[in-house]
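Heads up: the structure comes next, in structure tokens.
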Amino acid sequence: MKCLLNINELKVYYFTRRGVVRAVDGVSLNISRGEVLGLVGESGSGKSTLGISLLGLVPPPGRVVGGSIIFDGIELTKLSADEFAKIRGRRISMIFQDPMTSLNPLMKIGDHLMETIMIHENIPKNEARERSIKALEEVGIPPERFNDYPHQFSGGMRQRVMIALAILLNPDLIIADEPTTALDVIVQAQIIDLLNNLRKQYNMSILLISHDIGVVSEIADKIAVMYAGHLVEMADVDVIFKDPLHPYTSALLRAVPLIESKYEKLYYIPGSPPDLVNPPKGCRFHPRCPHATDICRTREPRTVSIEDHIVKCWMYCDTYE
Amino acid sequence: MKRTPLSRTIIPPLRKIRRLNLSEYWIAISGAVIIIVVSLMAILAPLIAPYDPIETVGDSLEPPNTRFLLGTDNIGRDILSRIIYGSRISLSIAFLASIISMIIGASLGLLSGYIGGTFDTTLALIMDSMYAFPSIILAIAIAYVLGPGILNVTISIGIVYIPVYFRMIRSEVLSTKESLYVEAARAIGASDRVILLKYILPNVTASLPVVFSLNATDAILIEAALSFLGLGLPAPTPDWGFDLKNGYHFITAGYWWPVTFPGLMIIITALGFSLLSEGLSEILNPRLREV
């Protein structure tokens, strides 16, 4: 598959009064055309910052301080504001976590869609209207709701509107930041199905950001795991589930509650994610890692790749070098 | 495509209001009625005023009688006619001044809140220092510098109330610009102009009508005060504040009518705007609504 997005050693820091928060600290990954990459991690692991940096929308005091993002041959980190605006919504679009607040409450949903088209394309209004209605139909919203306001929709329906907005201009890449987190389980499944169908139909790539590895595994081809600003493991979805290498990944998988689980208690990872102003020395996971050794506490592990399986852990540096 | 019924396209707050019983809104309605009556008086002045307001038509200081319903002033002008014509001045100054401060204050607040940074800090500082002055003192100072005249009075009152709109809109913008739908608008590639005009502006204007009518109340009072102090309009122009001052010289001699009727008009009109503002804020802010 052709590589669509290549992120290399990306660093996004927030310059706060407390100090520099290294939200994304040297992350490298690739997304091929038509591929769904699931990006998982706890709150504060930097996964949303990574997603938003692909749109050049890292909020101040945050800034991309290093690395490169090459999207279809374009270096995104060096684009001017105007050039970036042309890519946003048209070639890379985004679905947000909370569908209840991601639509302008005083704008009809039809206007949301038409606005998006008119920003990027100089076409007559009625044509924009037809395309908007078509996009609504594709996400399962009847055309007669074109003139309704967001408050007249349920959460699941609003997320469908957001998806319609995202696919409207047939982008190459959709960044879906926790698209199902605010929805109930049944609606979650519907939305994931919808995303899956659309990406097959249009051959779009999706970066699916979620803390829920279960949801991600439904449609992802590959899974990347982030911890405290680092990418700690990345592999095909089956490999991650069958043979997780990083201790954090296996802990995450054990923390997924299963109805037929033999564990009486819900498993959780002891401790809490580190403060990114003062991350732990060495491997950032070592204070919570059951396998931590001396070297983990002092030196940061390198990223090693074993075929397509990438892992950042000392346990594999020795074995496979 | 089926046409959507009109009721479904009306913006959400208005739809809520329509469903509720109008008698709940007697405050706003009585305010509106007063303002409509005074406005009609102003518009129809030449038709309903019995005399020319600047002509001497009777004897000096005639008490209310059948010829002059509200009496005459010291140079024999009909007080009723002067009051009717005076409403033109008062209302137009109140409306114009409020519109000036609303347009300038709201646009500055919008830009300041949106752009942020040093621009915002500087502007906020200037506005806060203006706000620190008692409004009447500031109005007197500006009116003194500009000199008398309808336009100058309007401008001085307009300037005084810019900070009120500025502060309100700015604080609304500060919270609205962080909202997810603004971020989502950015994510579809919307420009700053589109975001400001289509996403932020419509969402920060909900309290404007309330502030506007409150502002108009003050504008009526300040206009009267400026005229009373001689900083308002030049002599023969019928004006409530001016007539109040004119009649005030004779009240100790027992001539109560030249001062009472212009005074009453000021009170009634100010009351009208203030009731409207109170009523509107109750309608637009459900938390104030009595259960």
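Since the model is a prediction, treat every value here as computed from it, not as a measurement. Order of the sequence lines fixes the chain letters, A, B, ..., with proteins taken first and strands second; residue numbering starts at 1 for each chain. Below, each value reflects all heavy atoms present in this structure, side chains not excepted, and no hydrogens, waters or symmetry copies.
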Checklist line | Contact winner vs chain B - A:Thr101, A:Thr116, A:Leu169, heavy-atom pairs under 4.5 Å | finding: A:Thr101
Checklist line | Atom pair CD1 (B:Ile188) and CD1 (A:Ile92), whose distance is rounded to the nearest 0.5 Å | finding: 15.0 Å
Note to self: Heavy-atom pairs under 4.5 Å with chain A: which of B:Gly189, B:Ala184, B:Ala185 has the most?
What the structure shows: B:Gly189
Notebook entry, point to check: Could you give the distance from OG (B:Ser179) to CG (A:Leu103), rounded to the nearest 0.5 Å?
Noted result: 11.0 Å
Checklist line | Taking every non-hydrogen atom, the tightest pair across B:Pro202 and A:Leu106 | finding: O-CD1, 2.8 Å
Notebook entry, point to check: Which bit of A:Leu57 comes within less than 4.5 Å of chain B, counting heavy atoms only: side chain, backbone, both or neither?
Noted result: side chain
Checklist line | Residue part contacting chain B, namely of A:Met162, when any heavy atom lies under 4.5 Å | finding: side chain
Margin query: Looking only at heavy atoms and a cut-off of under 4.5 Å, which of A:Met100, A:His120, A:Lys86 has the most pairs with chain B?
Written below: A:His120
Checklist line | Segment of A:Ile52 engaging chain B (4.5 angstrom heavy-atom cut-off) | finding: side chain
Notebook entry, point to check: In Å and rounded to the nearest 0.5 Å, what is the CZ to CE distance from B:Arg186 to A:Met94?
Noted result: 13.0 Å
Checklist line | Atom CZ of A:Phe15 with >12 non-hydrogen neighbours under 6.0 angstrom | finding: yes
Check: Between A:Ser102, A:Pro59, A:Pro150, A:Pro60, which has the largest tally of heavy atom pairs under 4.5 Å with chain B?
Finding: A:Ser102
Checklist line | Interface moiety of B:Glu183 toward chain A, non-hydrogen atoms closer than 4.5 Å | finding: both
Check: Just one of B:Asn203, B:Leu180, B:Ile195, B:Thr176 clears the side-chain contact (heavy atoms from CB on, under 4.5 Å) bar with A:Asn104, so which one?
Finding: B:Asn203
Note to self: Shorter than 4.5 Å, heavy atoms on both sides: which option in A:Ala85, A:Ser93, A:Ala166 has the most such pairs with chain B?
What the structure shows: A:Ala85
Item checked: Derivation of the side chain to side chain contact (heavy atoms under 4.5 Å, CB included) call for B:Tyr199 and A:Glu115 -> CA-CA 11 Å; B:Tyr199 290 81; A:Glu115 181 76 44; 3.9 Å; yes
